[in-house]
Structures are given as structure tokens and as C-alpha cells.
Amino acid sequence: LIFVPFLLLSIAIFSLATSTYGLLRRNMIDQLQSSGLDLANQARQRLIDNNRALETIEGVLEDKILGVARTVVSNQDLLGNEYLSQLAIDQEVDAIHWYNKDFQIIHSAFDIDMGWIAPADNPIRYFSSSGMQEWTEEIRQAVGTENFYKYGYVRGPQGQIVQVGILANAVQSLTDDFSAQNLVDALATNEGIVYAAIISKDRVNTAHSNPERIGVTLNDPGTIAAAQRGEDYASEYYYEAEAVTVYDILLPLVIDGEHVGAINIGLSMDEVYDAIKEVLVSIVIIGLVSFVVLGGILVTISLGIINSLKVNQTHLAYMAKGDFSQEIPAKYLDKQDEFGEMARAVENTQLSIKRVLNELTESALEVAGTSQELSASTEETSASIQEVASTSNEFASTVEQMNNNSQAVTKSAHQILDATQAGSESVNQAISSTAELKDMMQEIATIVEGLGHQSQEISEIVGVITGIAEQTNLLALNAAIE
């Protein structure tokens with residue numbers, strides 16, 4: 001009785017801990033995923049915004065560079081170092097060079113690099129052979145200096161080329177700040193982020209917070225889903241580089257409507273595991289305390305139940321043996337619960353059985369007395385029957401005597417008939433004797449009729465006695481059975 005509640009309590013606590021662990025883990029991962037997706041979306045949007053800002057700045061620079069170059073081509077008759085220097089000052093550009101068909105600078109603003117011939121790997125050579133009318137380079141570091149420039153080219157009417165450059169150190173610095181590598185490095189400094197990366201559409205790490213991972217080609221399902229198929233992806237992942245489990249989040253990277261790759265963030269699961277561990281420890285402590293408290297309550301209740309049942313069982317055993325003298329202790333009768341009701345019911349049953357037995361005893365004594373009275377009545381009835389029988393014998397004797405008298409009368413009649421002739425006095429005497437005989441016969445008939453009534457009464461008395469005897473026997477039998 002005690003073991004089962006403890007077992008059920010243990011199962012309940014274990015089930016609660018298991019369900020809480022699963023629910024907490026799922027909620028923590030959902031929260032981590034939500035936070036990671038928000039962070040990845042912010043990083044993606046920042047990268048897109050940075051790219052657009054740089055494109056805007058470079059667009060302004062390109063327009064300015066090409067505009068100055070077109071002005072130079074349109075004013076070939078004014079060509080000269082002085083004109084180019086003044087134009088550079090007016091347009092706020094840092095370099096203007098006029099190349100002849102041999103890629104030699106023959107006019108230059110501020111007299112810079114006069115007579116310099118561009119080598120074969122110089123971008124101007126690429127422009128010359130491309131057939132393009134206009135072209136702008138990406139920002140690059142000038143040869144032999146630490147400065148960065150943005151150059152543009154416009155083709156002249158006779159194969160000459162105008163080169164215009166703007167000092168772009170500030171733009172380059174901004175480009176570095178806005179670069180993908182700088183973004184992932186900044187992301188990786190956040191607490192809880194194990195790594196961050198930008199992946200190209202061909203699954204190559206173009207930027208990564210771990211420099212050793214830059215240029216690595218990836219083939220995992222998440223990279224394929226996000227970088228190639230353009231699908232969001234999230235899963236737990238064991239990051240071997242740092243031997244840690246992370247929650248890996250990848251979002252497709254779309255710039256100006258073009259899918260160019262994916263952004264990847266790895267979130268540490270340590271915080272989740274630590275939180276789950278703390279909750280589990282709390283659950284275990286609460287469970288143990290609950291187990292001890294509830295266990296104590298269950299033990300107290302169970303012992304109370306067992307004691308109540310034992311008292312009732314013992315009392316019923318006494319009653320089964322016919323001992324109704326034992327009493328249930330008052331502390332069990334005074335309980336206001338089901339076991340108190342049970343004890344009171346057992347006591348009421350005992351009292352009811354004792355009352356029934358007392359009534360049966362009294363009834364048996366009454367039946368015994370009634371049986372004695374019936375026995376006496378039976379003896380009296382037997383005497384009456386003997387008396388009736390004696391009366392019947394006397395009646396038979398009387399009848400026999402009457403028969404004899406009748407025979408005598410008959411004989412006398414014959415004698416009277418024979419003596420008729422003897423005289424009228426004898427006739428009168430015979431008539432008188434006949435009248436007396438008639439009266440006697442009427443009296444005898446009356447006596448016989450009375451004897452018939454007495455015989456009927458005797459039959460009724462015998463029937464009553466027989467019924468009383470049967471009832472007496474039945475009561476005696478019932479008393480014997482009970």
C-alpha cells in the first residue's frame with residue numbers, strides 16, 4: 001500500500017523532469033533560432049546596405065571621373081599641362097593624364113609622370129584592347145605609393161586615351177569598413193557567436209571569422225540549401241575547428257535581386273545547455289524535496305489507512321467468532337473520513353446483530369412458554385375427547401336399550417292386538433302406551449341430534465388443535481435452525 005504511491009510519485013517526478021527537459025530544450029532552441037535568424041537578417045541587411053552605399057559612392061566617383069575625361073576629349077585644342085592642372089583644381093580631381101597611342105603620358109596635370117610609359121600589365125593596356133569607349137577601374141593602390149585611387153578612361157578620336165584619377169583613401173577605408181570580412185569579424189565578436197561567414201554561390205567561403213576557413217569549398221546540406229537553392233536553413237552542427245556544438249543558421253544572400261550566395265552564423269549551444277542544466281538541477285532538487293514531503297504525507301496517510309483497516313478487520317474477526325463484546329477504540333470512531341464512517345458502520349452492524357440476537361432469544365423463550373401452554377391444552381383436549389368418547393358409548397348403550405324397548409313395545413303391540421278382543425280397557429291402555437312410546441322416540445331423536453352437533457364441535461376442536469400443533473412444530477423448527 002505504501003510502495004505503490006511512492007512508485008507513482010517517482011514516475012510522476014521523472015515524467016515531469018523528462019517533459020520539462022524536452023519542452024525547455026525545444027523552447028531554448030526555438031528562441032536561439034529566432035535570435036539567430038534576427039541577427040543573420042540584420043547582418044544580411046547591413047551587408048546589402050553597405051554594398052548599396054559603396055555602389056552609390058563609386059557611382060558618384062565614376063560619373064565625376066568620366067565627366068572630366070569627356071571634357072578633356074572635347075577640348076583637345078586646349079590640351080596642355082596648365083589646362084589640365086586648372087581643370088583638375090576646378091573639378092577637384094587628383095590626376096589627369098593624356099596618353100598617346102604608345103601609352104606614353106604626353107600631357108599631365110601638375111606635370112606629374114610626364115613621359116612615363118605604361119607597362120604591359122597596366123590597366124590602360126586592358127582598356128585599349130577592350131574596344132570600350134569608356135571604362136572605370138575598381139579602387140586600387142597606386143604603384144609606389146600608399147594611396148588608393150579610382151581611375152577612369154575615355155578614348156580619344158585618334159587612339160589617344162585620357163586617364164582621370166581621384167584619391168580614394170577615404171572611400172577605400174569606407175570600403176574596408178563595409179567589406180564582408182569586416183562584417184563577419186564584427187559579428188564573431190558578439191557573445192554567443194562561434195563563427196560567421198559569407199559563402200559564394202559556388203559554395204566557397206569568401207569571408208570567414210576564422211581566416212583559415214577562407215577559400216574553403218563547402219558541401220554540407222545547409223550550404224547547398226542556402227547558397228545554391230536560396231532556402232533558409234538551421235540545424236545543430238558540431239564545429240570541429242573549435243570542437244563545439246553550434247546552432248548553424250544560413251540565409252540566402254540576395255543583392256539587387258540577384259542571388260549571390262549565403263550568410264552563415266554559428267551560435268553557441270553552451271548557453272542553452274547551461275540553462276537546461278540549471279533547470280534540471282532545480283527540477284531534481286524540487287523533485288527530491290517534493291518526494292520527501294509527499295512521501296512523508298503518503299506514509300502518514302498510508303499508516304493511518306492500514307491501522308484503520310486492521311482495527312476493522314480484527315473487530316469483524318471477533319464478530320465472525322460470535323464475540324460481540326469487543327468495542328472499537330473511540331479514536332477510530334471519531335474520525336471524520338471514510339475510515340471513520342467504516343468503523344462506525346462496523347460498530348452499528350455489531351449493535352444490530354446483538355439486538356437481533358436478543359430479540360431472537362426473547363422470542364425463543366416466548367415460544368417455549370407457548371409450547372408448554374399448548375401441551376397443557378392438548379392434554380385437556382385429549383381428556384375432552386375421552387369424555388366425548390365416553391358419552392358416545394353411553395349414547396350407544398341408550399340406543400341399544402331403546403332398540404330393546406322397541407322390540408318390547410312391538411311384542412306388547414302383538415299382545416295388545418291379540419288381546420283386543422279382551423276389552424276396550426286394554427285397547428285404551430295400548431293406545432296410551434303407544435303415545436308414551438312416541439314421546440320417548442321424539443326424546444331419543446332430540447338426543448341423537450344433540451350428539452351430532454357435539455360430534456361436529458369435536459371435529460372443529462381437533463382441527464384447531466392440529467393447526468396449533470403444526471405451528472408449534474414450525475416455531476420449534478425455526479428456533480432450532482436459528
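For reference, positions follow the sequence shown, starting with 1. Owing to the predicted nature of the structure, the values given are computational and were not obtained by experimental measurement.
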(message) When you compare the side chains of Y195 and D248, does any donor N or O come within less than 3.5 Å of an acceptor on the partner?
(response) yes
(message) Would you say that V72 contacts L79 through its side chain, given a criterion of any heavy-atom pair below 4.5 Å between the two side chains?
(response) yes
(request) Rounded to the nearest 0.5 Å, what's the gap from CD on E58 to CG on D63? Could you check? (result) 11.5 Å
(request) Examine Y237 together with Y247 and report whether their ring centres are nearer than 6.0 Å. (result) no
(message) I'd like to know if the side chain of N205 reaches the main chain of A207, judged simply by a donor and an acceptor atom lying under 3.5 Å from each other, with no hydrogens or angles considered.
(response) no
(request) Please report the shortest heavy-atom distance between V73 and P157, naming the atom on each side. (result) CG1-CD, 4.3 Å
(request) Please examine the side chains of S200 and V260, heavy atoms only from C-beta on, and report whether any two atoms are closer than 4.5 Å. (result) no
(message) I need the L54 CG to Q172 CD distance, nearest 0.5 Å.
(response) 9.5 Å
(request) Examine distances only and state if a side-chain atom of H259 and a backbone atom of A226 form a donor-acceptor pair shorter than 3.5 Å. (result) yes
(message) Please determine whether the number of non-hydrogen atoms from other residues, nucleotides or ligands lying under 6.0 Å from atom CD of E82 exceeds 12.
(response) no
(message) How long is the straight-line distance from CZ of R70 back to CD1 of I65, given to the nearest 0.5 Å?
(response) 11.5 Å
(message) If we ignore hydrogens and angles and just use 3.5 Å, is the side chain of T223 paired with the main-chain N or O of N219 as donor and acceptor?
(response) no
(message) Within this structure, what is the CD-CD distance for the pair Q104 and Q160, rounded to the nearest 0.5 Å?
(response) 13.0 Å
(request) Please check if any side-chain donor atom of Q31 sits under 3.5 Å from a side-chain acceptor atom of N27, or the reverse. (result) no
(message) Do L167 and F148 have side chains that approach each other closer than 4.5 Å (heavy atoms only, starting at C-beta)?
(response) no
(request) With rounding to the nearest 0.5 Å, note down the distance linking CD in Q33 to CD1 in I249. (result) 6.0 Å
(message) Given 3.5 Å as the limit, does a donor-acceptor pair link the side chain of K150 with the main chain of E137, or not?
(response) yes
(request) List the steps and the verdict of side-chain contact (heavy atoms from CB on, under 4.5 Å) for L87 and I96. (result) CA-CA 9 Å; L87 182 61; I96 302 176; 4.1 Å; yes
(message) Can you tell me how far apart CG (D111) and CG (L84) are? Round to the nearest 0.5 Å.
(response) 9.5 Å
(message) Quick check against the 3.5 Å criterion: does Q133 have a side-chain atom that pairs as donor or acceptor with the backbone of R155?
(response) yes
(message) Looking at every non-hydrogen atom in both residues, tell me the closest pair between L66 and W135 and how far apart they are.
(response) CD2-O, 4.1 Å
(message) Quick check: do L23 and S19 have side-chain heavy atoms less than 4.5 Å from each other?
(response) no
(message) Donor-acceptor pair, distance only, cut-off 3.5 Å: does the side chain of S128 make one with the backbone of I124?
(response) no
(message) Between I166 and Y149, is there a side-chain heavy-atom distance shorter than 4.5 Å?
(response) no
(request) Search all heavy atoms of A40 against all heavy atoms of L251 and return the closest pair with its distance. (result) CB-CD1, 3.4 Å
(request) Work out which heavy atom in I198 is nearest to a heavy atom in A180; give both atom names and the distance. (result) CG1-CB, 3.8 Å
(request) Write down the atom of E134, the atom of F127, and the distance for their closest heavy-atom approach. (result) C-CE1, 3.7 Å
(request) Would you tell me whether R125 and N122 have side-chain atoms, one donor and one acceptor, within less than 3.5 Å of each other? (result) no
(request) State, yes or no, whether a side-chain contact exists between L39 and L37 at a heavy-atom distance under 4.5 Å. (result) no
(request) Keeping the roles fixed (side chain from N264, backbone from A197), state whether a donor-acceptor pair exists under 3.5 Å. (result) no
(request) Might you point out which heavy atoms bring Y233 and S235 nearest each other, and give the distance in Å? (result) CE2-OG, 3.3 Å
(message) Taking V60's backbone N and O only, do any of them form a donor-acceptor pair with E62's side chain (distance below 3.5 Å, no angle check)?
(response) no
(request) Considering only NZ, NE, NH1 and NH2 on the basic side and carboxylate oxygens on the acidic side, decide whether D220 and R203 come within less than 4.0 Å. (result) no
(request) Show the numbers, then the answer: is there a side-chain contact (heavy atoms from CB on, under 4.5 Å) between T245 and D270? (result) CA-CA 8 Å; T245 300; D270 290 342; over 6 Å; no
(message) Working note: M114 + N81, criterion side-chain contact (heavy atoms from CB on, under 4.5 Å); need CA distance, chi angles, decisive distance, verdict.
(response) CA-CA 10 Å; M114 288 293 294; N81 293 347; 3.7 Å; yes
(request) Would you indicate whether the side-chain heavy atoms of V164 and V162 approach each other to under 4.5 Å? (result) yes
(message) Testing V194, L267, I193 one by one against V246 for a side-chain contact (heavy atoms from CB on, under 4.5 Å), which residue passes?
(response) V194
(request) Would you check if I105 and W98 make a side-chain contact, meaning some heavy-atom pair closer than 4.5 Å? (result) no
(request) Kindly check if the number of other-residue, nucleotide or ligand heavy atoms within 6.0 Å of CD (E55) is above 12? (result) yes
(request) May I ask you to decide if N169's main-chain N or O and S173's side chain share a donor-acceptor pair within less than 3.5 Å? (result) no
(request) From the options I214, V216, V184, D185, select the one residue that forms a side-chain contact (heavy atoms from CB on, under 4.5 Å) with H208. (result) I214
(message) As a quick check of understanding, evaluate side-chain contact (heavy atoms from CB on, under 4.5 Å) for Y151 and R140, giving each step before the final call.
(response) CA-CA 8 Å; Y151 289 105; R140 62 181 174 87; 3.5 Å; yes
(request) Say whether N41 and Q45, considering side chains only, have a donor N or O and an acceptor N or O under 3.5 Å apart. (result) no
(request) Hey, can you tell me if Y99 and W116 have their rings parallel, tilted or perpendicular (30° and 60° cut-offs)? (result) perpendicular
(request) Please lay out, stage by stage, how Q42 and D38 fare under the test side chain to side chain donor-acceptor pair (under 3.5 Å). (result) CA-CA 6 Å; Q42 293 174 8; D38 289 342; 6.0 Å; no
(request) Please confirm whether the backbone N or O of L47 pairs with a side-chain atom of N51, one donor and one acceptor, at under 3.5 Å? (result) no
